[in-house]
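Each remark here refers to the structure printed beneath this line.
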Amino acid sequence: KLTVEEKDDLLSDASTRIQEREDTIEEKDVTIAEQQRTIGKRNGTIESQRVAIEKANVKVEQKKAAIAKANRKIQQQQEALSDAQIQIKTRDDRIQLLQQERARGAIMTTEPCPQLQATEAALSEARNQIKQRDEQIRCLEQRQEAAAPVAKKQKITRDFMERFLAFRSFVEILLVWKRSAYSKNHDWCLRIKRSEVVSSVLGAFMTKTGVFPLVKTTRVTFLNAQNEDEGGIDNGGLSRELFTSFFEEVQHPDHGLFESFQDGKSIIPQAGTHIMENFAAFGKVVCRCIVNDEPLGISLGPLFMDILMGMEDRRPFSTPSHALSTLEAYDPNLAFRWKKLMNDNEEAIHAAGLEPSYFSPEEDETTLVTKQTIGRYIMKGAKYKLLDSRRDCWMRIRKGFSEQIDLQHHLALFSVDELSNLVCGIDEISCTDMLENIEWPWLKGDYSESPHMLKVMRFLYDILSNEALFNARDRKNLLQFCTSLKVLPYAGLDPKISIHYSGSSDSDRLPHAQTCTRELFIPVYSTTEQLLEKLKYACDNGSFGFAQD
């Protein structure tokens, strides 16, 4: 039997254990509530993304419906045109019969024939109707051609944007983690002479080790010929100008890094060069620009993209067609000759008397090339010319690119063409591209600007919409004038170019820009012609001080 004290102790212990269990249950309830809130937030995000995708799908379906409607209308117009042509043929036959009767003297009067006049008038009216219908059909066909690429582009862009945003999210998280090792106020300050941009940039990336030059904010100060500061505060614009100038100049053969073949659109490392450390520094510069979402502005070709993804020994030379396609980007003349050879018949190939060494010096076989073997030798020849003879240079570039931040597997999210556009940017800027990358206040329902300034913005919109007034070269100059970029990022500008009143109504003043914030300041001009003249002059001479940072 237990005493009263022992019973009290047991009850006390039981109460304590019950209280502990209740506390544990309460903590678990709190944890479950937090998890439910987190799940709710994630569900909300997923639902928002689903709604956005559904809206995009609805827009695509609307485009398809519009195209189908246009097709039906064109078909109706074509049927009407066919009927009108039949009527014209009938009336032509009647006119011909009347003319034959008149020639035979069946109609002996010199008075005009009312029947013939009525027929000719009806014929003229029918021809005018056919002309109008032809013009309507032409307009509808143009709309159809314009609508079809837009729908396709939206579909491609939506699919690309999902992968692009996933890639950028990873990069941003990586940047936060890498930058946490350095002081927040510790920026990378560069003093660069404009006459020595390539050597200065490569030297800076060679001497600055670790991940620091890839993730830290760059502050650039340009020096003139007298080694004096040019002035200006770099909040992003001068850095973009520096790397734009670097990639524009580094492709020149005088620097001993890259070369290009005749009529080739893409550059390639020089074979036999001994400046290997510069290639590693070049790879770091490319990594820095991709991390900061800044296009390079030069064409590096499909092989360069495969090098970044580690696919150089597989995809670009896996088949004769792939090898010729890769070769065409660098040496189109040689690719044309080899493609012609591959399409020749057996007799023509035999008559050429080609040995394997013609395609690659590494081949020591003495047997002649045949129709059955020419594809294999073309693959070997293209691989030797573009990859094997320059492999050390390519590997140094990839080493510099992935030494501190390895993006190889994440870049594999994209096709070669998508990655090329993502890394190098869009060189051909259309009127639509330019208009879409400018903030037009009326598209957001913002009419807070003065009526005079809104009128000038309308002038600018009309100018940029007219290919005859503002051509592709002018659009590239305007882009560089406002952003320091020579090419358009594949995903578009973020932020876009904004337009503001410059604070002057003097029509002799020129527009100016702030490249850091991508702002274009325009005086109030009274006519479209004034704005066109001043804008072109400012953009053509932007490097002489009209573009302000």
Side-chain angles (χ1 to χ4, degrees), residues 150 153-154 156-172 174-175 214-215 217-218 220 234-248 251 265-266 285-302 304-305 308 401 405 407 410-411 413-440 464 472-499 513-520 539 542 547 549:
V150 167
K153 182 179 178 182
Q154 285 181 348
I156 293 174
T157 301
R158 187 174 67 252
D159 175 59
F160 166 79
M161 285 302 294
E162 291 175 357
R163 289 175 281 122
F164 174 71
L165 292 175
F167 172 72
R168 290 307 309 172
S169 298
F170 166 77
V171 171
E172 293 300 328
L174 189 64
L175 286 176
L214 306 181
V215 301
T217 302
T218 307
V220 173
D234 184 14
N235 288 319
L238 291 177
S239 294
R240 287 193 295 270
E241 181 182 353
L242 169 64
F243 290 105
T244 297
S245 300
F246 168 78
F247 285 110
E248 183 178 8
Q251 57 187 324
K265 296 181 180 179
S266 304
V285 180
V286 173
C287 181
R288 181 260 171 208
C289 289
I290 292 179
V291 165
N292 288 275
D293 196 20
E294 295 176 5
L296 309 187
I298 59 174
S299 178
L300 296 169
F304 184 89
M305 307 305 148
L308 298 186
F401 178 79
I405 299 178
L407 300 174
H410 298 86
L411 294 179
L413 287 169
F414 309 101
S415 67
V416 171
D417 291 338
E418 287 175 339
L419 186 58
S420 180
N421 289 330
L422 179 64
V423 173
C424 302
I426 305 300
D427 183 58
E428 297 179 359
I429 306 172
S430 66
C431 294
T432 303
D433 292 333
M434 195 75 248
L435 293 172
E436 287 179 349
N437 284 278
I438 295 178
E439 291 283 359
W440 303 104
L464 297 182
R473 176 181 174 275
D474 296 326
R475 291 191 290 272
K476 290 188 70 172
N477 288 344
L478 177 61
L479 178 69
Q480 188 170 8
F481 182 72
C482 297
T483 67
S484 294
L485 295 174
K486 293 194 66 176
V487 295
L488 191 66
Y490 188 39
L493 292 175
D494 186 18
K496 297 180 180 181
I497 299 170
S498 58
I499 306 169
Q514 291 184 353
T515 56
C516 292
T517 53
R518 296 174 179 170
E519 294 176 294
L520 176 62
C539 292
D549 200 356

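- Residues Cys539 and Asn477 approach most closely at CB-CB, 3.9 Å, considering heavy atoms.
- Rounded to the nearest 0.5 Å, atoms CZ (Phe243) and OG (Ser484) are 12.5 Å apart.
- Within the 4.5 Å cutoff, side-chain heavy atoms of Leu464 are placed close to those of Ile438.
- The salt bridge (Lys or Arg N to Asp or Glu O under 4.0 Å) pairs that include a residue from residues 477-495 are Glu248-Lys486, where partners are two or more places apart or lie in different chains.
- Counting only distance, with no hydrogens or angles, the side chain of Ser169 and the backbone of Leu165 share a donor-acceptor pair below 3.5 Å.
- Taking every heavy atom of both residues into account, Gly236 and Cys516 meet most closely at N-SG, 3.7 Å.
- Going from atom CG of Leu520 over to atom CZ of Phe481 covers 6.5 Å, rounded to the nearest 0.5 Å.
- Evaluation of the side-chain contact (heavy atoms from CB on, under 4.5 Å) rule for Ile426 yields Asn421, Leu488, Tyr490 as partners, not counting sequence neighbours.
- When the side-chain contact (heavy atoms from CB on, under 4.5 Å) test is applied to Arg168, the partners found at least two apart in sequence or on another chain are Phe164, Val171, Glu172, Asp293.
- Among the candidates Leu175, Leu214, Val286, the single residue satisfying the side chain to side chain contact (heavy atoms under 4.5 Å, CB included) test with Val291 is Leu175.
- Within the 4.5 Å cutoff, no side-chain heavy atoms of Phe170 are placed close to those of Leu413.
- Once rounded to the nearest 0.5 Å, the distance linking CE of Met305 with OG of Ser415 reads 11.0 Å.
- Under the 4.5 Å side-chain criterion, counting only non-hydrogen atoms from C-beta, Ile290 is in contact with Phe401.
- Put simply, the side chain of Leu435 does not reach to within 4.5 Å of the side chain of Thr432, judged on heavy atoms.
- Screening residues 473-482 for salt bridge (Lys or Arg N to Asp or Glu O under 4.0 Å), with sequence neighbours left out, gives Asp427-Lys476, Glu467-Arg475, Arg473-Asp540, Asp474-Lys536.
- One finds the CD atom of Gln251 at 10.5 Å from the CZ atom of Phe246 (value rounded to the nearest 0.5 Å).
- When the side-chain contact (heavy atoms from CB on, under 4.5 Å) test is applied to Ser266, the partners found at least two apart in sequence or on another chain are Ser299, Ala329, Tyr330.
- Arg240 places no side-chain N or O within 3.5 Å of a backbone atom of Glu294 that could act as its donor or acceptor partner.
- Residues satisfying the ring-ring contact (aromatic ring centres under 6.0 Å, His included) criterion with Phe167, sequence neighbours excluded, are Phe414.
- No option in Asn437, Leu493, Asp433, Val487 other than Leu493 meets the side chain to side chain contact (heavy atoms under 4.5 Å, CB included) test with Leu479.
- Residues meeting the side-chain contact (heavy atoms from CB on, under 4.5 Å) test with Thr218, sequence neighbours left out: Trp188, Leu190, Val220, Ser239, Arg288.
- The OG1 atom of Thr515 lies 11.0 Å from the CD1 atom of Ile497; values are rounded to the nearest 0.5 Å.
- In this structure Ser498 satisfies the side-chain hydrogen bond (donor to acceptor under 3.5 Å, both in side chains) test together with His500, sequence neighbours excluded.
- In this structure, SG on Cys289 lies 5.5 Å from CG on Leu296, to the nearest 0.5 angstrom.
- Scored by the salt bridge (Lys or Arg N to Asp or Glu O under 4.0 Å) test, Glu519 finds no partners at all (sequence neighbours excluded).
- Taking all atoms of both residues into account, the shortest heavy-atom contact from Ala513 to Cys482 is CB-CA, 4.0 Å.
- The ring-ring contact (aromatic ring centres under 6.0 Å, His included) search around Phe247 returns Phe282, not counting sequence neighbours.
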